[in-house]
Number of protein chains: 4
Amino acid sequence: MSHCARINCRVAKFNVMDKIIMSSEKQLSFKRTEVRNRIITAAGEVFKTNGFQASSISAIAKKAKVADGTIYLYFKNKEELFIVVLDLMMEDILDNVHDQVKRVDNPIEKILKFYDVIIEFFTNNHSFAKMAILEVNQVKKGILVSTGLPSYYKYLNYISNLCHQAIRKGFIREIDTESFSIMVFSCIEYIIRLWIYSDYKTDTHKLRKKVLNILIYGIIRY
Amino acid sequence: MSHCARINCRVAKFNVMDKIIMSSEKQLSFKRTEVRNRIITAAGEVFKTNGFQASSISAIAKKAKVADGTIYLYFKNKEELFIVVLDLMMEDILDNVHDQVKRVDNPIEKILKFYDVIIEFFTNNHSFAKMAILEVNQVKKGILVSTGLPSYYKYLNYISNLCHQAIRKGFIREIDTESFSIMVFSCIEYIIRLWIYSDYKTDTHKLRKKVLNILIYGIIRY
Amino acid sequence: MSHCARINCRVAKFNVMDKIIMSSEKQLSFKRTEVRNRIITAAGEVFKTNGFQASSISAIAKKAKVADGTIYLYFKNKEELFIVVLDLMMEDILDNVHDQVKRVDNPIEKILKFYDVIIEFFTNNHSFAKMAILEVNQVKKGILVSTGLPSYYKYLNYISNLCHQAIRKGFIREIDTESFSIMVFSCIEYIIRLWIYSDYKTDTHKLRKKVLNILIYGIIRY
Amino acid sequence: MSHCARINCRVAKFNVMDKIIMSSEKQLSFKRTEVRNRIITAAGEVFKTNGFQASSISAIAKKAKVADGTIYLYFKNKEELFIVVLDLMMEDILDNVHDQVKRVDNPIEKILKFYDVIIEFFTNNHSFAKMAILEVNQVKKGILVSTGLPSYYKYLNYISNLCHQAIRKGFIREIDTESFSIMVFSCIEYIIRLWIYSDYKTDTHKLRKKVLNILIYGIIRY
DNA sequence: GATGAATGAGCTTTCATTCAT
DNA sequence: TATGAATGAAAGCTCATTCAT
């Protein structure tokens with residue numbers, strides 16, 4: 001899965017070179033990193049398939065080829081594991097999105113691109129969308145973690161930055177960029193949620209276009 | 001709670017007159033309605049206090065003074081009960097909101113009023129907000145997928161209507177009113193969610209103002 | 001097992017006559033009593049065989065032919081179940097002991113008889129002895145319940161009564177009967193414990209005789 | 001705690017002199033002894049604070065500044081460690097008690113003194129009492145069965161010796177001293193146990209006096 | 001000898017839902 | 001219709017012990 005590139009990458013990036021260079025102390029750390037990655041990768045797959053509640057630690061452990069207890073040497077509990085996994089995935093997605101956004105020059109076009117690519121990604125990844133939009137609410141202490149996802153702030157910042165650029169270059173009026181970021185975020189999430197609720201049947205294209213229209217209309221300079 | 005007036009009202013509105021008119025068959029139906037209302041009222045209180053997961057059918061049955069099994073004669077399961085209760089509450093709120101919106105004349109002011117009153121209501125009702133914004137996601141999606149909250153559509157329609165009026169009277173441009181309704185809804189929900197996530201500590205006033213600014217700016221006619 | 005007579009008896013004592021007399025209401029109560037007894041009997045066997053810790057609720061439920069959860073309709077938790085079972089058994093033993101003690105006339109002989117019969121019983125019932133003397137300490141909240149076994153006080157009272165009789169009839173001096181009861185109890189328990197610790201190998205006869213000698217010597221009137 | 005003097009002492013008594021004298025082979029042995037003592041001291045504190053069950057090997061290892069696995073180089077398992085620790089503590093207490101008993105001349109007074117000082121000690125050391133009287137029963141019996149606490153025999157011997165002296169000097173009749181020792185032991189233990197069960201609330205003074213009265217009455221010569 | 005990461009067995013309790021009465 | 005006793009599935013997490021390094 002492309003959006004997991006970072007995770008897999010982290011596993012993969014320990015190449016032969018690394019092994020040679022590593023001191024005995026580093027090797028230990030390598031082993032730990034390797035196990036941790038196995039767990040994260042396995043958890044990602046299991047969570048995506050079954051959702052948070054229905055995923056059992058045993059299943060994850062089995063897939064990661066470690067003992068159940070081992071998971072608790074790396075993560076405080078199931079919830080923390082979920083959050084870490086989700087956060088890493090979200091970061092990967094942002095990296096991906098950025099790759100596409102940076103190819104566009106016009107500041108407003110960048111925002112449009114961001115908006116489109118994200119929604120596109122979610123609609124292309126059923127199970128991940130469900131995990132990131134719905135399952136996250138099943139994490140009991142979610143109340144405190146959900147907005148605590150480090151990646152969440154990266155997203156907001158990213159949009160904010162796009163806005164600042166657009167403002168500086170005179171493309172949009174001097175809005176509160178943070179509020180606008182939140183609006184974009186909430187609209188994207190809501191569109192995806194409606195789509196999930198419809199059992200992935202509705203076509204999001206029209207809705208997303210119309211919403212975007214109002215969003216942009218609300219910030220451009222005349 | 002005044003916003004629950006409808007629920008209680010439904011219990012109350014079977015007055016003496018009704019009783020006289022009722023045939024023996026109707027009386028049965030009356031009994032059923034009365035029991036159903038007892039269950040709904042009890043469930044409302046229990047759900048608000050403990051949230052969806054932590055509320056047990058036993059507790060609701062006890063409070064409604066019926067047997068556990070009886071609840072299943074009126075509702076398919078715990079989830080359906082929750083949805084029904086939530087839906088009735090949401091309807092009541094809309095009635096309330098409408099009472100305040102209709103006192104305003106200017107079509108745009110009406111939208112502003114709607115937006116403000118709803119947010120105000122949620123921030124004044126911690127436990128209800130949590131139930132309607134967060135708990136609702138703990139209900140197995142299936143139920144929401146197929147039906148959705150009926151009241152949800154009433155809300156969307158309500159905003160749509162306000163928009164249509166505003167369009168007709170030339171106050172705002174010809175936007176897609178449904179999309180705008182969804183946007184308003186998603187933004188309100190998101191603002192409340194952030195507030196809940198912050199443990200009811202952040203002040204929503206600034207954020208809600210800035211978001212509203214962009215929303216309105218996105219639809220007005222220059 | 002004879003010492004379980006009461007338990008089985010309670011199951012058995014609902015004979016045909018009872019059934020006829022029972023109103024529908026009583027039948028319910030009968031059903032409940034019957035189930036409760038099945039659980040108690042099953043638990044008694046399982047606890048005796050495996051001890052408290054190693055006995056699982058599932059095993060007891062299976063043997064009692066009820067669902068796991070059913071046990072919790074009758075007992076708060078595993079510990080309460082253990083205590084109830086142990087207490088009933090202890091009562092049965094006391095009944096048995098009494099049957100033998102009452103055949104003796106001399107007040108001091110009664111005390112000797114009591115002492116002997118109890119130790120005899122324990123040494124004839126390995127597994128029960130272990131349960132009553134050792135396992136009881138594995139009940140976590142044992143600290144509060146252990147002396148709270150209703151049967152415990154019956155034992156103390158029983159010995160006290162024997163003493164009072166002996167005092168009244170001038171056979172022993174005016175000692176504090178409660179203290180003496182506790183001493184008898186503690187000595188019996190300790191002798192049994194030593195015997196259990198020795199893996200049931202040592203012969204308790206000599207020790208019990210010598211201890212009894214000092215106990216009696218300490219209370220008789222010269 | 002003064003009664004742990006022996007344990008600490010064993011750590012401390014390897015002074016500079018020892019180090020000089022030790023051959024390389026002895027130094028190894030010294031190192032082992034030192035580590036063993038660190039473990040014992042740490043375990044003593046942890047066990048006293050948390051009880052047997054709730055004390056984890058990790059916690060002990062951490063406090064002793066060794067690795068978890070290291071503990072298993074010195075002790076077969078957690079239970080053996082507990083027994084060793086408890087045994088050493090019990091020995092220390094006996095040393096202490098002896099210091100006070102030897103100041104008394106009259107053989108019977110010695111026995112009284114022993115009885116009083118031990119109970120006094122336990123009631124002044126909540127956590128130790130719990131450990132020695134209750135926790136010890138949570139250790140799988142196997143360990144106690146075969147060996148028993150070595151210090152246990154020292155206690156019995158000690159009382160036996162006091163008795164022998166008293167018999168020789170004609171203060172008490174010719175009882176079986178071992179049985180009497182066991183009785184004293186069992187009564188002390190029981191009194192303390194009742195006190196622990198009462199959550200350290202009951203006053204043991206009256207009970208202990210009355211029990212002692214019967215004990216002594218049972219052995220004195222008229 | 002020392003380390004400490006890894007193991008993996010083990011089990012109570014809750015509660016939505018059913019169904020005999 | 002109403003009852004409420006009975007069902008039984010379901011799974012997180014700990015921690016004593018081992019063993020490769």
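Letters go in sequence order (proteins before strands), and every chain restarts at 1. These figures come from a predicted structure and were not determined experimentally.
Each of Lys31(A), Arg38(A), Arg36(A) was compared with Glu34(A) under the side-chain hydrogen bond (donor to acceptor under 3.5 Å, both in side chains) criterion, and only Arg38(A) meets it.
Helical stems in DNA chain F, defined as runs of 3 or more consecutive Watson-Crick or G-U wobble pairs with donor-acceptor distances under 3.5 Å: E:2-21 with F:2-21.
Taking atom CG on Asp68(D) and atom C1' on dC19(F), their separation rounds to 13 Å, with Å as the unit. In this entry the distance linking OH of Tyr72(C) with C1' of dC15(E) reads 13 Å, nearest Å. For Ile39(A) and dA6(E), the CD1 to P distance is 8 Å, given to the nearest whole Å. Rounded to whole angstrom, the span from the CD1 atom of Ile71(D) across to the P atom of dT18(F) amounts to 13 Å. Per the geometry, NZ belonging to Lys31(A) stands 19 Å off P belonging to dT3(E), to the nearest Å.
Among the heavy atoms of the strands lying under 4.0 Å from Ile57(A) are primed sugar atoms or P, OP1, OP2 only; no base atom is included. Within the 4.0 angstrom heavy-atom criterion, only backbone atoms of the sugar-phosphate kind lie near Ser56(B); the bases stay farther away. Residue contacts for Tyr74(B): at a heavy-atom cut-off of 4.0 Å it reaches the sugar-phosphate backbone alone, with no base atom in range.
Contacts of residues 58-65 of chain C with DNA chain F (heavy atom under 4.0 Å): none.
Place Gln53(D) and Val35(C) on DNA chain F by their nearest nucleotides, and Val35(C) ends up nearer the 5' end. With the nearest nucleotide of DNA chain E identified for both Val66(A) and Lys78(C), Val66(A) has the one nearer the 5' end. Along DNA chain F, the nucleotide closest to Leu73(B) and the one closest to Ala54(D) are compared, and the more 5′ of them pairs with Leu73(B).
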Distance-only criterion, 3.5 Å: show the donor-acceptor pairs between side-chain atoms of residues 53-67 of chain D and protein atoms not counting sequence neighbours.
{"from": "Gln53(D)", "atom 1": "NE2", "to": "Gln138(D)", "atom 2": "OE1", "distance (Å)": "3.2"}
{"from": "Ser55(D)", "atom 1": "OG", "to": "Val46(D)", "atom 2": "O", "distance (Å)": "3.2"}
{"from": "Ser55(D)", "atom 1": "OG", "to": "Gly51(D)", "atom 2": "O", "distance (Å)": "2.5"}
{"from": "Ser56(D)", "atom 1": "OG", "to": "Ala59(D)", "atom 2": "N", "distance (Å)": "3.1"}
{"from": "Ser58(D)", "atom 1": "OG", "to": "Asp68(D)", "atom 2": "OD2", "distance (Å)": "2.9"}

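Side-chain contact between Phe75(C) and Ile40(C) is present, with heavy atoms from C-beta onward closer than 4.5 Å.
Side-chain nitrogen and oxygen atoms of Arg32(C) include at least one within less than 4.0 Å of the OP1 or OP2 phosphate oxygen of dA6(F).
Summarising the geometry, atom CZ belonging to Phe52(C) is positioned 15.0 Å from atom NZ belonging to Lys130(C); distances are rounded to the nearest 0.5 Å.
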